2 protein chains.
Amino acid sequence: MKLSTKGRYGLKAMFQLALHYGEGPIPLKNVADEQNISENYLEQLVAVLKKNGLLESVRGAQGGYLLAKSPDEITVGNILRVLEGDMAPADCVLDNEMFKCEKAEYCVTKLVWTRIRDSIDDVVDSITLQDMVDEHNTIMANKKLEV
Amino acid sequence: MKLSTKGRYGLKAMFQLALHYGEGPIPLKNVADEQNISENYLEQLVAVLKKNGLLESVRGAQGGYLLAKSPDEITVGNILRVLEGDMAPADCVLDNEMFKCEKAEYCVTKLVWTRIRDSIDDVVDSITLQDMVDEHNTIMANKKLEV
DNA sequence: TTAATCCCAACTGAATTACTTGGTTTTCTT
DNA sequence: AAGAAAACCAAGTAATTCAGTTGGGATTAA
């Protein structure tokens, strides 16, 4: 039940770009350094995020990546689903209903998987990048007061 | 974010044993047949469940497995944690705090993983095998009425 | 005694993970 | 025009996990 580095690094990267939203394109190298991720590996992840309309890129010198939408329009769920697939603990409760089990109508374990999936969906769909930025700012402000 | 067959088969097997709770030992072959699982593979899973005090076994002919506690004392969380480990989406929010990240105090993504983990915990710790049996019986009773 | 059953250890093919390597192309700056 | 900064792309890879299989043994009821 663990996320792979795709989802974890991907969210970190998107959060980093959200922190700098409005400042123009940010080079991937900066993001990779800041979050301690291999730049070449991160490249593959942002390619997916871009293909799915969450990122835009600017090529050439002074180029980089930017969020395709404002941070309050991008949820954690948007990001994780693109990089990890549906947040479903079993194939029989995938959102797109690809997989069909003939016992589905009276399968009690399916009810369990459904409840797990729904609770995860609730959380990831309710948190936007803006929420994360706000939380970050609150934490940082409190840290300053402590000193 | 998917469960492996360990967790999925394991819960199905435990549910099957819960259905027959009080009837003495149930041979693994029955469980495997009923739930369409390789018996030899299931053997490995029940070994883990037994080692962790969720199952008891009776050897020899007419032997089999039985729940070590009554179905209302065994939660889905008990079963999944034994077979899959903590239901944490990232190592930094493992229940046992093995893994330590030095940025933990101001890591916003950690807050996200924590909320996901907590919501999963809420669900799996709130459902007992008895709940599943009850649900199963309700579904079956309704099915009968439909005909 | 024999058949049913649990118990145990090792092996395996396929897939996935988390990268790395080694480029090419585009564009800004000088 | 040259050089450098960046995005873009394709392939390879070592390690691990997954989902079993194989081939036995030990225990016990009938």
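If you're wondering where the values come from, they're calculated on a predicted model, not measured in any experiment. Letters go in sequence order (proteins before strands), and every chain restarts at 1.
- The pair B:Asp91-A:Arg8 fails the salt-bridge criterion, with no side-chain N (NZ, NE, NH1 or NH2) lying under 4.0 Å from an Asp/Glu carboxylate O.
- One can find a donor-acceptor pair under 3.5 Å joining the base of C:dC7 and the side-chain atoms of B:Glu43.
- B:Lys2 has no carboxylate O lying under 4.0 Å from a charged side-chain N of A:Asp86, or vice versa, which leaves the two without a salt bridge.
- Nearest nucleotide to the A:Arg59 side chain, out of C:dC6, C:dC19, C:dT25: C:dT25.
- Remark: A:Tyr9 is not in phosphate contact with C:dA18, judged by side-chain N or O atoms under 4.0 Å from OP1 or OP2.
- For the segment residues 78-85 of chain B, no residue has any heavy atom less than 4.0 angstrom from an atom of DNA chain D.
- Backbone-only engagement by B:Ile26 is indicated by non-hydrogen atom pairs under 4.0 Å involving sugar-phosphate atoms exclusively.
- Backbone-only contact: B:Lys50 has heavy atoms under 4.0 Å from sugar-phosphate atoms and none from a base.
- Nearest approach of A:Met132 to B:Val108, heavy atoms of both residues: O-CG1, 3.5 Å.
- Nearest-nucleotide assignment on DNA chain C puts the 5′-proximal partner with B:Tyr65, out of A:Lys6 and B:Tyr65.
- Side chain of A:Tyr41, nearest nucleotide from C:dT21, C:dC19, C:dC6: C:dC19.
- For C:dT16, the OP1/OP2 oxygens have no side-chain nitrogen or oxygen of A:Ser4 closer than 4.0 Å.
- Contacts of B:Val46 with the nucleic acid, taken as non-hydrogen atoms under 4.0 Å apart, are absent.
- Contact footprint of chain B on DNA chain D: nucleotides with an atom under 4.0 Å from a non-hydrogen protein atom, first to last in 5' to 3' order, D:dC18 to D:dA29.
- As judged by a 4.0 angstrom heavy-atom cut-off over every strand, B:Lys29 is placed among residues making no nucleic acid contact.
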